[in-house]
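Working notes for the structure below.
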Amino acid sequence: MKLRGWVNSKRELGGIVFIEILPENSLGLVTVVVKKKESPQAWEVAKGVKLGSAILVEGTYPPISLSKRGREFKADKLEVISTPRAPLPVDLTLKTGIHFDTRLRYRYLLLRTKEERALFKIRANVLKIAREFLEKKGFLEVNTPKICGAGAEGGATVFELEYFGRTAYLAQSPQLYKQMLMTGLTKVYEITPYFRAEKHHTTRHLNESWAIDLEMGFIKGMEDVMEVLEELVCHIIEGVRKECEEEIEILGVEIDSPRRPFARLKYDKVLEILNEEGIHIEWGEDLGDAEERALGKVMKNEGYNLYFITHYPWKTKPFYIMKEDGLSRSFDLDYKGLEISSGGQREHRYEELIKNIREKGLNPKDFEFYLEAFKYGMPPHGGWAVGVERLLMKMLNIDNIRETILFPRDIQRLIP
RNA sequence: GCCCGCGUGGUGUAGCCCGGUCAGCAUGGCGGCCUGUCGAGCCGCAGAUCCCGGGUUCAAAUCCCGGCGCGGGCGCCA
């Protein structure tokens with residue numbers, strides 16, 4: 001048998017050497033045992049092996065493993081594939097502490113620990129499960145441009161860049177494009193990064209984040225898309241529970257099955273609930289982080305980790321959301337007090353859409369390429385986007401969103 | 001943008017309040033001993049212009065000012 005991995009720790013006792021590795025993509029620690037008497041050549045190599053080396057071990061798993069940490073592996077041959085040219089900047093046995101910043105800086109080295117590896121395996125699984133689910137439901141995966149000619153839809157600030165002498169912007173969302181596709185397809189989704197140029201300093205914002213974005217045509221109302229969202233989120237959570245048992249155990253978290261159907265609270269009702277909690281919000285105001293957290297507590301007591309907040313005042317929502325009596329056909333999905341998704345039914349009627357754009361103080365001229373698509377038989381449609389990092393942080397009880405993405409982009413971090 | 005906190009060998013920290021030893025400890029590194037370690041142990045060695053700049057002082061890691069870096073809160077955030 002052959003094992004490949006990196007040396008995380010080594011203990012030398014005269015004629016016997018113990019080397020701990022986390023083989024390749026596995027989560028199971030292995031203690032390689034090399035004895036002088038039994039394999040003198042391997043012992044010679046083992047003695048000189050440096051922490052952090054990439055090694056190839058040939059040997060067997062003995063019937064009895066005496067090691068307390070990791071399954072024992074008896075080495076017959078040991079080869080150093082790559083020797084570090086400097087001591088490791090971090091302690092991969094995690095005995096010595098590590099600053100958050102250092103951890104992010106050496107993310108790639110931390111992937112040699114089972115904790116960090118488990119996290120990113122779960123992340124990969126979330127996307128895999130989502131893809132499988134949506135494919136099965138008949139959604140088509142699409143890819144829309146991330147370099148865009150039109151500016152903001154209002155709201156979040158966009159990053160500007162120079163594009164052959166013209167100004168271009170990094171996509172703040174695939175929203176407009178996926179809507180345009182509704183004239184030719186009825187069920188699409190995209191797994192994509194978003195770019196937002198906001199200077200926030202919080203544990204729940206990134207300047208580059210990923211989302212699962214979906215849009216559906218010929219809907220009767222927003223409930224149609226809410227159902228898909230609820231199903232997807234449950235599928236992901238249950239899927240992770242089932243497929244990532246080992247990862248979950250390593251991270252030491254408990255992931256609860258969501259109570260279904262998710263609660264559906266109207267904005268007005270949320271204001272009432274908050275009022276009872278002593279938090280007073282003016283009607284028409286959006287919910288802030290403190291309010292969302294307070295609501296999360298209340299809902300938790302009701303047995304809901306996940307719940308929809310619907311019918312926000314239209315003024316808090318973007319122009320493409322359908323208006324109804326001053327309210328909007330929109331919803332947010334909150335997970336443990338944090339918004340992980342928002343969506344709604346879109347305005348598909350050309351004239352109404354133009355009115356909406358004007359009402360938001362935007363110029364319809366700037367949206368011609370988009371509006372054009374609404375001239376030729378645009379069906380009623382709606383959709384949503386789920387923030388991958390936020391879903392992960394709430395599912396795994398992670399405090400800082402930066403932990404959930406390999407190389408986070410925030411106001412100070414552009415490298416690595 | 002505003003506010004709070006932190007910055008000491010590669011890594012993680014003590015010392016800072018109340019200025020005055022070769023800046024202590026752990027881990028990692030190097031060398032040595034050890035055939036069951038597993039936070040291995042034991043002996044020895046090396047490793048820090050105490051984030052940067054300025055100021056106060058006989059004397060600054062320590063006090064003051066400015067800057068930079070990082071964490072967080074508020075704001076911002078379809």
Side-chain angles (χ1 to χ4, degrees), chain A residues 8-20 29-40 43 46-48 50-52 62 64-72 74 84 86-106 109-110 152-158 171-176 179 194-207 209 211 213 286-290 292 312 314-321 328 330-332 338-339 341-344 346 356 360 362 383-385 387 390 399-402 410-413:
Chain A
N8 278 2
S9 98
K10 179 181 127 181
R11 290 175 291 275
E12 220 185 304
L13 294 83
I16 185 165
V17 181
F18 299 94
I19 294 171
E20 266 181 35
L29 203 61
V30 170
T31 298
V32 177
V33 183
V34 198
K35 292 180 181 174
K36 186 181 184 181
K37 230 157 85 185
E38 292 170 18
S39 31
W43 178 79
K47 228 174 36 150
K50 290 182 174 172
L51 281 197
I64 305 157
S65 178
L66 298 172
S67 160
K68 288 177 203 156
R69 268 168 67 91
R71 188 167 174 199
E72 204 163 306
K74 183 176 161 297
L88 291 177
V90 287
D91 168 24
L92 296 175
T93 65
L94 306 179
K95 282 181 299 197
T96 311
I98 180 166
H99 270 174
F100 192 64
D101 185 48
T102 312
R103 179 171 163 196
L104 295 183
R105 187 162 155 218
Y106 295 107
L109 290 179
L110 269 300
E153 307 154 18
T157 323
V158 291
Q172 62 166 289
S173 125
Q175 183 58 34
L176 303 186
Q179 278 191 265
Y194 282 48
F195 305 94
R196 291 174 183 191
E198 300 290 340
K199 296 180 175 178
H200 21 56
H201 279 96
T202 75
T203 52
R204 57 190 185 282
H205 292 279
L206 290 169
N207 294 288
S209 69
D213 242 283
D286 206 351
L287 306 178
D289 181 56
E292 285 196 76
Y312 275 89
W314 192 75
K315 70 172 223 189
T316 68
K317 290 289 171 180
F319 70 80
Y320 49 79
I321 287 287
S328 60
S330 72
F331 57 85
D332 282 359
L338 181 72
E339 176 189 333
S341 172
S342 75
R346 323 301 187 187
N356 285 0
K360 291 288 176 190
L362 300 167
W384 38 255
R390 285 188 170 192
D399 293 328
N400 194 322
I401 198 164
R402 283 167 265 234
D410 61 33
I411 187 160
Q412 23 253 347
R413 231 174 297 272

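Keep in mind that the numbers below use all heavy atoms, side chains included, and drop hydrogens, waters and symmetry copies. Chain naming here is simple, since letters A, B, ... match the order of the sequence lines and numbering starts at 1 in each.
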request  = Grab the NZ-P distance between K47(A) and G31(B) for me, whole Å please.
outcome  = 10 Å
request  = Would you kindly give the CG-to-P distance between D286(A) and C77(B), to the nearest whole Å?
outcome  = 9 Å
task = Select base, sugar-phosphate, or nothing to describe what Y312(A) touches, counting heavy atoms under 4.0 Å on all strands.
result = nothing
task = Take atom P in U21(B) and the same atom in C68(B), then report the distance between them in whole Å.
result = 32 Å
ask   = Base, sugar-phosphate alone, or nothing: which one does E38(A) contact when heavy atoms must sit under 4.0 Å apart?
value = nothing
Can you pull every protein N or O that's under 3.5 Å from an N or O on nucleotides 10-16 of chain B?
from   : atom 1 : to      : atom 2 : distance (Å)
U11(B) : O4'    : P89(A)  : O      : 3.0
U11(B) : O2'    : G97(A)  : O      : 3.3
G12(B) : OP1    : H99(A)  : N      : 3.0
G12(B) : OP1    : T102(A) : OG1    : 2.8
G12(B) : O4'    : G97(A)  : O      : 3.2
U13(B) : OP1    : H99(A)  : NE2    : 3.1
U13(B) : OP2    : H99(A)  : NE2    : 2.9

key: Gap in Å between the two C1' atoms, one belonging to G75(B) and one to G19(B), rounded   = 40 Å
inquiry  = Under 4.0 Å, counting only non-hydrogen atoms across every strand here, what does K50(A) touch: a base, just sugar-phosphate, or nothing?
reply    = sugar-phosphate
Inter-nucleotide P distance (A40(B), C30(B)), Å rounded = 16 Å
message = Applying side-chain hydrogen bond (donor to acceptor under 3.5 Å, both in side chains), can you list everything that pairs with T31(A), at least two apart in sequence or on another chain?
response = S67(A)
query = Considering every strand shown, what is the Watson-Crick or G-U wobble mate of C17(B) when both distances are under 3.5 Å?
reply = none
ask   = Excluding sequence neighbours, so at least two apart, what forms side-chain contact (heavy atoms from CB on, under 4.5 Å) with E292(A)?
value = L287(A), D334(A), E339(A)
inquiry  = When you measure from the side chain of E72(A) to the backbone of L66(A), do you find a donor-acceptor pair of N or O atoms at a distance under 3.5 Å?
reply    = yes
task = Quickly work out the H201(A) NE2 to C76(B) P distance and round it to whole Å.
result = 16 Å
inquiry  = If I take atom CD in residue E292(A) and atom C1' in nucleotide C77(B), what distance separates them, rounded to the nearest angstrom?
reply    = 11 Å
query = Between atom CD in E72(A) and atom C1' in U35(B), what is the gap in whole Å?
reply = 13 Å
note = Taken in chain and number order and not counting sequence neighbours, the residues that satisfy side-chain hydrogen bond (donor to acceptor under 3.5 Å, both in side chains) with S65(A) are none
message = I'd like to check the side-chain contact (heavy atoms from CB on, under 4.5 Å) partners of P87(A); sequence neighbours left out, ordered by chain and number.
response = none
query = Starting at CG of L29(A) and ending at C1' of G39(B), how long is that distance when rounded to a whole Å?
reply = 13 Å
task = Output every pair passing salt bridge (charged side-chain N to carboxylate O under 4.0 Å, His left out) with a member in residues 88-102 of chain A, not counting sequence neighbours, ordered by first then second residue.
result = D101(A)-R413(A)
ask   = By salt bridge (charged side-chain N to carboxylate O under 4.0 Å, His left out), which residues pair with R105(A), not counting sequence neighbours?
value = none
task = Select base, sugar-phosphate, or nothing to describe what R402(A) touches, counting heavy atoms under 4.0 Å on all strands.
result = sugar-phosphate
request  = Just do the side-chain contact (heavy atoms from CB on, under 4.5 Å) check on L13(A) and F18(A) with the steps written out, would you?
outcome  = CA-CA 8 Å; L13(A) 294 83; F18(A) 299 94; 3.6 Å; yes
ask   = When you check the phosphate oxygens OP1 and OP2 of U35(B), does a side-chain N or O of K37(A) lie under 4.0 Å from one of them?
value = no
query = F331(A) and G344(A): which non-hydrogen atoms are nearest, and at how many Å?
reply = CE2-N, 3.4 Å
ask   = Which value, in whole Å, describes the distance between the C1' atoms of nucleotides A46(B) and G31(B)?
value = 10 Å
query = Between E198(A) (CD) and C74(B) (C1'), how many Å, whole number?
reply = 14 Å
message = Work out how far the C1' atom of G53(B) is from that of A14(B), and round it to whole angstrom.
response = 27 Å
ask   = For R204(A), which residues count as a side-chain hydrogen bond (donor to acceptor under 3.5 Å, both in side chains) partner, sequence neighbours excluded?
value = D289(A)
remark   = The Watson-Crick or G-U wobble partner of C63(B), with both key distances under 3.5 Å, is G55(B)
remark   = From CG of L206(A) across to P of G72(B) the rounded distance in Å is 11 Å
task = Return no unless some side-chain N or O of T202(A) is found under 4.0 Å from OP1 or OP2 of G75(B).
result = no
inquiry  = Any N or O donor-acceptor pair under 3.5 Å from the base of C77(B) to the side chain of H205(A)?
reply    = yes
task = Find out whether the Lys NZ or Arg CZ of K360(A) is both under 6.0 angstrom from the six-membered ring centre of W314(A) and within 45° of the ring's axis.
result = yes
ask   = Who pairs with S342(A) by side-chain hydrogen bond (donor to acceptor under 3.5 Å, both in side chains), at least two apart in sequence or on another chain?
value = none
remark   = On RNA chain B, more 5' by nearest nucleotide between K36(A) and D289(A) is K36(A)
Interface polar pairs with nucleotides 40-44 of chain B, N/O, under 3.5 angstrom:
from   : atom 1 : to     : atom 2 : distance (Å)
A40(B) : OP1    : K95(A) : NZ     : 2.7
A40(B) : OP2    : R11(A) : NH1    : 2.8
A40(B) : N6     : E12(A) : O      : 3.0

message = Mind checking if S342(A) touches a base, just sugar-phosphate, or nothing, with heavy atoms under 4.0 Å?
response = sugar-phosphate
Mate of G39(B) where both pairing distances stay under 3.5 Å, Watson-Crick or G-U = none
note = dist N356(A):CG -> S328(A):OG (nearest 0.5 Å) comes out at 11.0 Å
Watson-Crick or G-U wobble partner of C70(B), both distances under 3.5 Å = G5(B)
task = For U37(B) and C42(B), measure between their P atoms and round to the nearest Å.
result = 15 Å
Please tabulate, one pair per line, each protein N/O and nucleotide N/O from nucleotides 67-69 of chain B that are separated by under 3.5 Å, including the distance.
none

Gap in Å between the two C1' atoms, one belonging to U49(B) and one to G9(B), rounded = 12 Å
message = My understanding is that only residues two or more places apart in sequence, or in another chain, count here; which of them pass salt bridge (charged side-chain N to carboxylate O under 4.0 Å, His left out) with K10(A)?
response = E12(A)
C63(B) versus G69(B) - spacing of their P atoms, nearest Å = 23 Å
query = Base, sugar-phosphate, or nothing for I321(A), non-hydrogen atoms under 4.0 angstrom?
reply = nothing
ask   = Does U11(B) have a Watson-Crick or wobble partner in any strand here, with both distances under 3.5 angstrom, and which is it?
value = A26(B)
